[in-house]
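The chains referred to below are lettered A, B, ... by the order of the sequence lines, with proteins before strands, and numbering in each begins at 1.
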Protein chains: 2
Amino acid sequence: MSDKHPELNLDNQLCFSLYAASRHITRLYQPMLKQHNLTYPQYIVLLILWQKDGMLVKDIGERAQLKSNTLTPLLKRLEQNGLVTRQRDSEDERQCYVYLTEQGKNLESLCACIPSQMLKQTEIPVEKLIELKQLLDQLMVTEVHGK
Amino acid sequence: MSDKHPELNLDNQLCFSLYAASRHITRLYQPMLKQHNLTYPQYIVLLILWQKDGMLVKDIGERAQLKSNTLTPLLKRLEQNGLVTRQRDSEDERQCYVYLTEQGKNLESLCACIPSQMLKQTEIPVEKLIELKQLLDQLMVTEVHGK
DNA sequence: AACATTTAAATCGCGCACGATTAAATCACT
DNA sequence: AGTGATTTAATCGTGCGCGATTTAAATGTT
């Protein structure tokens with residue numbers, strides 16, 4: 001066991017905990033999402049559209065923190081599964097609106113139980129979870145050095 | 001703005017914060033890792049090997065929480081870049097040992113500055129970061145329902 | 001010894017992520 | 001009007017993640 005560089009010990013690395021926890025939670029979602037033939041990133045995009053239908057790809061990207069190189073293929077899959085339609089803005093042909101189909105809208109009620117199902121799977125008290133979320137959101141405003 | 005299901009509001013979703021923060025942090029690593037021609041998951045595997053050289057694929061997988069379907073190609077890339085070698089156990093040919101090369105060992109010192117560089121990029125006090133890590137590690141022991 | 005079971009790694013297929021580039025439309029400015 | 005810059009989405013290539021399967025080796029059981 002090398003200890004020349006204790007700062008490189010995996011157990012000391014917050015970032016690894018973050019990376020592992022994120023994948024762990026995504027795995028916990030899977031049994032529920034699989035029932036609706038959804039992946040977690042697809043579910044995120046639907047959460048965004050359920051809040052406000054008819055958004056531009058750009059705006060969805062800003063909300064989900066994903067660029068078109070990820071979103072375009074993902075939206076095509078949602079379209080193929082009959083959950084959304086895409087339509088170019090006739091005013092500005094560069095832009096592309098994404099609309100929920102009836103099926104996509106109906107899915108909202110069916111997914112409404114998912115957050116509480118997820119909550120049931122942890123023993124961490126809600127106050128702690130809120131605290132955790134706040135800390136994570138703080139991390140997001142972390143500056144890129146030299147930016 | 002739909003509010004039939006406030007529990008589906010993205011802003012209320014801890015899991016999205018987790019997902020977004022994890023990708024954000026990985027992006028922050030990239031400028032430093034790129035200098036050594038490494039990806040973040042490759043860096044994780046090296047952290048593990050720097051702590052204990054000559055591990056089995058299975059043990060690396062347990063530590064990194066990755067299975068062979070992810071690790072095998074990743075290790076092949078590390079091997080091709082001259083950082084590790086892989087060698088079947090002659091006692092038990094099913095198993096495969098992974099060893100650091102000299103170049104792989106030398107990389108440890110070069111990477112020793114990375115954790116402090118990362119710390120510099122956040123304004124969150126260290127105590128808060130430790131708290132964050134503890135909460136994340138608690139999430140990891142979350143049971144899979146029905147398991 | 002013969003055969004079923006288990007284990008470890010590799011393989012396969014699909015869907016992200018994301019840097020980089022491209023293509024087309026719009027904007028800004030002269 | 002003409003042209004360079006900007007914006008938006010799409011495309012391309014690479015590397016994860018991971019469920020599912022396969023292959024081969026080792027182990028257990030009769």
What contact category does [X] fall into here, base, sugar-phosphate, or nothing, at under 4.0 angstrom with non-hydrogen atoms?
X     : answer
B:K34 : nothing
A:L71 : nothing
A:T39 : sugar-phosphate
A:D92 : sugar-phosphate
B:Y97 : nothing

Would you kindly compare A:P73 and B:K76 by the position of their nearest DNA chain C nucleotide and give the one closer to the 5′ end?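 Nearest nucleotide further toward 5': that of B:K76.
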Counting side-chain heavy atoms from C-beta on, which of [options] comes nearest to [X]?
X     : options                : value
B:T70 : C:dA9, D:dA9, D:dC18   : D:dC18
A:R94 : D:dG19, D:dT8, D:dA25  : D:dT8
A:T72 : D:dT11, C:dA10, D:dG15 : D:dT11

Report the distance from atom [atom1] of [X] to atom [atom2] of [N], rounded to the nearest whole Å.
X     : N      : atom1 : atom2 : result
B:K58 : C:dA10 : NZ    : P     : 14 Å
A:I60 : D:dA10 : CD1   : P     : 11 Å
A:Y43 : C:dG15 : OH    : C1'   : 19 Å
A:L66 : D:dT8  : CG    : P     : 17 Å
B:L38 : D:dG15 : CG    : P     : 12 Å
A:L75 : D:dA9  : CG    : C1'   : 11 Å
B:L28 : C:dA17 : CG    : P     : 17 Å
A:Q65 : C:dC16 : CD    : P     : 17 Å

Testing A:L75, A:L46, A:N106 for side chain to side chain contact (heavy atoms under 4.5 Å, CB included) with A:L83, which one passes?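 Between A:L83 and the candidates, side chain to side chain contact (heavy atoms under 4.5 Å, CB included) is satisfied uniquely by A:L46.
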Quickly, which of B:M118, B:K34, B:Q117 forms a side chain to side chain contact (heavy atoms under 4.5 Å, CB included) with B:Y29? Name it, please.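 Exactly one candidate clears the test, B:M118.
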With respect to the phosphate group of [N], does any side-chain polar atom (N or O) of [X] fall under 4.0 Å of OP1 or OP2?
X     : N      : value
B:Q42 : D:dC16 : yes
A:Y19 : D:dG17 : yes
A:K67 : C:dC18 : no

Got a donor-acceptor pair under 3.5 Å from the side chain of B:N69 to the base of D:dG19?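 Side chain to base: pair present.
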Taking atom types as they are modelled, is there a donor-acceptor pair under 3.5 Å from the base of D:dA10 to the side chain of A:S68?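 Such a pair exists between side chain and base.
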Pick the closest DNA chain D nucleotide for B:R77 and for A:Q95 by heavy atoms, then say which residue is nearer the 5' end.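 First, find each residue's nearest nucleotide; the 5'-ward one identifies A:Q95.
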5' priority, DNA chain D, between A:R88 and A:R27 [closest heavy atom]: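 Nearer the 5' end of the strand: A:R88.
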Report yes or no: does B:S116 contribute a side-chain atom to a donor-acceptor pair with the main-chain N or O of B:C113 at less than 3.5 Å?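 It does hold such a pair.
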Taking atom CG of A:D92 and atom CD of A:Q95, what is their separation to the nearest 0.5 Å?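 Between atom CG of A:D92 and atom CD of A:Q95 there are 4.0 Å.
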Whether over 12 other heavy atoms sit under 6.0 Å from A:E62 CD: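 Atom CD in A:E62 is not packed in, count stays at 12 or less.
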Mind telling me whether B:Y19 and A:Y40 have parallel, tilted or perpendicular rings, with 30° and 60° as the class edges?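 Ring orientation of A:Y40 relative to B:Y19: perpendicular.
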